[in-house]
Amino acid sequence: MHDRIVITGIGLTSPNGNTLADFRDALLSGKSGIQDYDIRYFGKTHAGVCNYDPLKYQSRKEIRRGTRAGSIAIYCAHEALADAGIDWSATDKSRVGVYVGTTEHGNVETENEIYLISQHNYDTSVWSHHHNPRTVANNPAGEITLNLKISGPHYCLGAACAAGNAGLIQGLQMLRLGECDLAIAGGVSESIHTFGIFAAFHNQGALAKHEDSTKASRPLDKNRNGIVVSEGGCLFTLERLRDAKARGARIYAEVVGYAINSDASDFVLPNPDRQADCIRLALKKAGIQPSDVDIVNLHATGTASGDAQECKALREVFVDCPNTYFNATKGFIGHAMGAAGALELAGNIPAFEDGLCHPVMNVDELDEACTLPNLVIGEPAKLDSVQYILNTSFGMLGINSVVIVKKYAD
């Protein structure tokens with residue numbers, strides 16, 4: 001139960017990059033992935049759209065039969081395995097586990113089918129027989145297993161916007177339980193393909209608007225006005241340290257701390273006390289103090305209440321931490337929902353090598369309620385050393401998650 005677990009591969013697609021190198025370069029150079037977007041019924045808005053090549057690992061028939069979330073998941077899984085240098089032909093597929101965090105799944109496919117029958121006088125005979133396998137909750141993880149012929153365990157974790165972290169945590173736990181020898185874990189989202197999510201955030205007064213789409217996502221800024229919905233995915237290959245060393249793998253980081261808890265207080269309003277508790281629990285599991293953390297990546301959605309409450313929680317925990325720096329990622333890519341936590345963690349991991357903390361984007365006037373010491377705005381900050389990175393991800397119905405990774409050392 002105390003096996004050291006390491007990250008050996010990272011596969012991703014984001015609105016501003018389809019590899020870790022490109023994604024990292026965009027975060028350091030200030031490249032936004034947000035664009036104008038028009039979706040059926042709702043109309044014009046902003047969104048983060050991925051431009052990966054789905055045909056790289058799937059046939060056209062497979063793409064038609066499956067889902068966008070499944071396609072994203074397949075792409076990320078293949079990229080992670082290749083990045084990890086795993087000899088797939090020699091891998092026992094029954095000992096591979098797939099754990100994919102999702103915010104929601106199936107809305108896109110159901111909306112599409114309802115639209116289709118609306119064009120045929122609501123004749124349900126035109127409803128696709130593929131609808132059921134497309135909409136079951138385990139779809140994205142299951143599509144990975146079908147594509148890669150994995151016969152080990154697979155499932156999706158519905159954890160709202162904490163799902164990317166939750167998938168990684170589940171992979172770690174299953175490795176420690178001995179249920180698998182290789183975990184493909186993280187999160188995916190296809191949310192921009194459902195008009196309902198835009199309409200719901202709009203009617204809640206939480207959907208971002210701006211004349212310049214690249215400036216629409218403004219976490220922590222005084223004039224922020226909501227969320228930019230994005231799609232994306234990030235999956236990690238996780239291995240026990242002894243297994244990774246035995247095959248001579250490159251190790252990105254060691255996962256040393258994690259926690260998940262619940263607010264138990266409101267459907268959508270965050271609870272900073274419970275968020276602070278979650279951070280403290282992750283620090284305790286990692287065996288470190290707040291002052292040991294070099295970079296904290298905020299969840300920071302760009303909503304007034306969410307950003308302010310999270311910053312309150314962080315100020316409670318990170319007291320007298322002069323070497324701890326804070327950043328956020330959603331200004332670059334929007335809110336990738338189930339993929340957010342995994343993508344944002346991945347975007348910071350290269351800091352172990354280059355020592356750079358990427359900035360928060362689009363903060364022209366910092367909200368006083370979001371004041372944090374060493375908040376990196378505008379330009380990357382060069383740190384003397386990066387040993388620990390902490391990533392927060394919080395979601396609706398009060399689910400909180402935190403992951404801490406450490407620079408690998410024997």
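What you see is a predicted model, and the numbers here were worked out from it, not measured in a lab. When reading the values below, keep in mind they use all heavy atoms of this one structure, side chains included, and skip hydrogens, waters and symmetry mates.
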Discussion item. What verdict does the side-chain contact (heavy atoms from CB on, under 4.5 Å) test give for T371 and L366, after you've listed the backbone C-alpha separation in whole Å, the side-chain angles of each residue and the deciding distance to 0.1 Å?
Written reply: CA-CA 7 Å; T371 300; L366 180 66; 4.2 Å; yes

Counting only heavy atoms not in [X], do more than 12 sit closer than 6.0 Å to its [atom1] atom?
X	atom1	answer
E379	CD	no
D384	CG	no
K285	NZ	yes
K93	NZ	yes
R65	CZ	no
K382	NZ	yes
F267	CZ	no

Could you verify whether a donor N or O on one side chain and an acceptor N or O on the other, from [X] and [Y], lie under 3.5 Å apart?
X	Y	answer
H299	K330	yes
E109	H131	no
E79	T19	no
S401	Y258	no

Worksheet item: So K215 and D364, salt bridge (Lys or Arg N to Asp or Glu O under 4.0 Å) or not? Walk me through it.
Response: CA-CA 10 Å; K215 298 183 182 300; D364 295 329; 5.7 Å; no

When you compare the side chain of [Y] with that of [X], does any pair of heavy atoms fall below 4.5 Å?
X	Y	answer
V100	Y155	no
S191	E231	no
P15	V49	no
L283	V317	yes
D273	E316	yes
T324	D294	no
E111	H193	no
Y41	Y115	yes

[X] side-chain N/O to [Y] backbone N/O, donor-acceptor pair under 3.5 Å:
X	Y	value
T237	G9	yes
N16	K31	yes
S128	H130	yes
N225	K209	yes
E113	T110	no
S230	A336	no

Strictly below 4.0 Å, N to O, side chains only: are [X] and [Y] in salt-bridge contact?
X	Y	value
D277	R274	yes
R224	D307	yes
K56	D53	no
R24	D354	yes
R95	E179	no

Can you confirm if the aromatic rings of [Y] and [X] lie within a centre distance of less than 6.0 Å?
X	Y	result
Y252	Y408	no
Y57	H78	yes
F42	H202	yes

Just how far is it from atom [atom1] of [X] to atom [atom2] of [Y], taken to the nearest 0.5 Å?
X	Y	atom1	atom2	answer
T329	N348	OG1	CG	5.5 Å
D25	H358	CG	NE2	13.0 Å
T8	D243	OG1	CG	10.0 Å
S393	Q275	OG	CD	10.5 Å
I7	R250	CD1	CZ	11.5 Å
N400	T392	CG	OG1	9.0 Å

Practice prompt. Begin with the C-alpha distance, continue with both residues' side-chain angles, and end with the deciding distance and a verdict on side-chain contact (heavy atoms from CB on, under 4.5 Å) for C156 and N139.
Written response: CA-CA 8 Å; C156 291; N139 172 277; over 6 Å; no

Between [X] and [Y], which heavy-atom pair has the shortest distance, and what is it?
X	Y	result
S213	I34	O-CG2, 3.1 Å
A276	A313	N-CB, 3.9 Å
L12	C76	CA-SG, 3.7 Å
A339	G187	CB-O, 3.6 Å
S265	N271	OG-ND2, 3.4 Å
I295	A351	CD1-CB, 3.7 Å

For [X], which of [options] qualifies under side-chain contact (heavy atoms from CB on, under 4.5 Å)?
X	options	answer
F332	V360, L27, N362	L27
S94	C180, P153, S151	S151
I404	D292, I288, N391	I288

Worksheet item: With T67, which of E190, R134, E143 fulfils side-chain hydrogen bond (donor to acceptor under 3.5 Å, both in side chains)?
Response: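 One option only clears the test, and that one is E143.
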
Worksheet item: Between H46 and Q35, does a side-chain contact (heavy atoms from CB on, under 4.5 Å) hold up when you go through it step by step?
Response: CA-CA 6 Å; H46 315 289; Q35 60 184 262; over 6 Å; no

Discussion item. Could you walk me through whether D38 and K44 satisfy the salt bridge (Lys or Arg N to Asp or Glu O under 4.0 Å) test, starting with their C-alpha distance in whole Å, then the side-chain angles of each, then the deciding distance to 0.1 Å, before giving a yes or no?
Written reply: CA-CA 4 Å; D38 197 338; K44 294 180 179 180; 5.5 Å; no

Discussion item. Can you tell me which residue among K245, R247, R176 is in a salt bridge (charged side-chain N to carboxylate O under 4.0 Å, His left out) with E239?
Written reply: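 It is R247, the one option of K245, R247, R176 that forms the salt bridge (charged side-chain N to carboxylate O under 4.0 Å, His left out) with E239.
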
Item to complete: Would you check, one step at a time, whether the test side-chain contact (heavy atoms from CB on, under 4.5 Å) holds for C321 with N374?
Response: CA-CA 9 Å; C321 298; N374 294 333; over 6 Å; no

